[in-house]
Colleague: 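Okay, here's the structure, questions in a sec.
The structure displayed is predicted, hence computed values, not measured ones.
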Amino acid sequence: VAVRFTVMVSRAGKTMIYTCLSEDAVANVERVAVVDGDDIEDLIANGVDEKAYQGPEFTELAEDLQGSLCEFIDDVAGIDTDVASFVAMYADYKEQTEYVDWLRKVKSMV
């Protein structure tokens with residue numbers, strides 16, 4: 001099961017936003033955007049301006065830049081195979097708990 005997730009790293013008044021896909025215990029980077037400001041709670045609450053440039057597709061970047069960005073997210077944010085596996089397992093767990101809750105609601109009505 002592939003699960004999309006976001007990682008935000010703030011430094012020097014800017015925030016780098018990684019859009020990743022956890023698949024087969026690997027966090028694959030799909031896109032990296034940089035926005036002004038380092039208030040992550042505000043970014044989570046209000047999102048990123050959709051009109052702002054979000055950066056190119058990750059695979060369109062030079063390979064050495066892709067490598068550097070992957071090293072950065074691993075070193076600074078700790079996004080490694082353990083985290084990628086956890087994201088996928090937690091998504092499965094969350095799906096299962098939501099399903100059980102739904103079954104309980106259905107049962108209470110029929």
Side-chain angles (χ1 to χ4, degrees):
V1 172
V3 179
R4 186 164 281 106
F5 65 100
T6 302
V7 177
M8 296 182 187
V9 179
S10 292
R11 185 182 280 176
K14 297 196 182 299
T15 300
M16 189 175 287
I17 303 169
Y18 282 78
T19 302
C20 302
L21 188 68
S22 174
E23 194 170 32
D24 299 326
V26 175
N28 297 304
V29 177
E30 293 183 318
R31 184 175 299 277
V32 178
V34 179
V35 296
D36 289 329
D38 57 4
D39 186 349
I40 291 179
E41 288 181 20
D42 181 59
L43 284 169
I44 292 170
N46 299 315
V48 177
D49 181 4
E50 295 291 324
K51 296 176 187 171
Y53 181 64
Q54 301 295 311
E57 291 292 324
F58 191 74
T59 56
E60 293 175 3
L61 297 172
E63 286 186 26
D64 58 335
L65 180 54
Q66 289 180 35
S68 295
L69 289 168
C70 287
E71 284 179 34
F72 180 81
I73 196 174
D74 187 17
D75 294 343
V76 173
I79 305 301
D80 57 13
T81 56
D82 290 338
V83 172
S85 294
F86 172 79
V87 167
M89 287 187 297
Y90 184 76
D92 287 343
Y93 166 77
K94 182 72 174 166
E95 173 68 25
Q96 186 64 31
T97 59
E98 292 289 327
Y99 175 66
V100 169
D101 186 48
W102 177 82
L103 285 174
R104 285 187 187 126
K105 289 176 183 175
V106 169
K107 181 181 177 185
S108 73
M109 297 201 56
V110 287

Colleague: For Ala25 and Ser85, which heavy atoms make the closest approach, and how far apart are they?
Modeller: CB-OG, 3.1 Å
Colleague: Working to the nearest 0.5 Å, report the span between CD of Glu57 and OG1 of Thr19.
Modeller: 9.5 Å
Colleague: May I ask you to test the Ile79-Phe5 pair for a side-chain heavy-atom distance under 4.5 Å?
Modeller: yes
Colleague: Identify the heavy atoms of Ala88 and Ser22 that sit nearest to each other, and give their distance.
Modeller: CB-OG, 3.9 Å
Colleague: Would you say the side chain of Val76 lies within less than 4.5 Å of the side chain of Val9, judging by non-hydrogen atoms?
Modeller: yes
Colleague: Hey, could you give me the CG/CD distance between Leu103 and Glu98, rounded to the nearest 0.5 Å?
Modeller: 11.5 Å
Colleague: Rounded to the nearest 0.5 Å, how far apart are CG of Asn28 and CZ of Arg4?
Modeller: 10.5 Å
Colleague: Between Tyr90 and Tyr93, how do the two ring planes meet: parallel, tilted or perpendicular, split at 30° and 60°?
Modeller: tilted
Colleague: How long is the straight-line distance from CD of Glu30 back to CG of Leu21, given to the nearest 0.5 Å?
Modeller: 5.0 Å
Colleague: Would you call Ile17 and Val35 a side-chain contact if the rule is heavy atoms closer than 4.5 Å?
Modeller: yes
Colleague: Is there a path of hydrophobic side-chain contacts, each under 4.5 Å between heavy atoms, that joins Tyr99 and Val110?
Modeller: yes
Colleague: Less than 4.5 Å apart, any side-chain heavy atom of Asp92 and any of Gln96?
Modeller: no
Colleague: Under a 3.5 Å distance rule, please check whether Tyr53 uses its side chain to pair with a backbone N or O of Ala33 as donor and acceptor.
Modeller: no
Colleague: For the residue pair Pro56 and Glu60, what are the closest heavy atoms and their distance?
Modeller: CB-OE1, 3.9 Å
Colleague: With a 3.5 Å distance limit and no angle check, can you tell me whether Asp24 reaches the backbone of Val26 through a side-chain donor-acceptor pair?
Modeller: no
Colleague: For Val83 versus Gly78, what's the shortest heavy-atom pair and its separation?
Modeller: CG2-O, 3.2 Å
Colleague: Do Ile73 and Cys20 have side chains that get closer than 4.5 Å, going by heavy atoms?
Modeller: yes
Colleague: Could you check whether any side-chain heavy atom of Tyr18 comes within less than 4.5 Å of a side-chain heavy atom of Thr6, counting everything from C-beta outward?
Modeller: no
Colleague: Tell me if a side-chain donor or acceptor on Thr15 pairs with a main-chain N or O of Met8 at a distance below 3.5 Å.
Modeller: no
Colleague: Mind checking the OG-CG spacing from Ser10 to Leu43? Nearest 0.5 Å is all I need.
Modeller: 7.0 Å
Colleague: Can you tell me how far CG of Leu69 sits from CE of Met16, rounded to the nearest 0.5 angstrom?
Modeller: 6.0 Å
Colleague: On a heavy-atom basis, which atom in Gln66 and which in Phe58 lie closest, and how many Å separate them?
Modeller: NE2-O, 3.2 Å
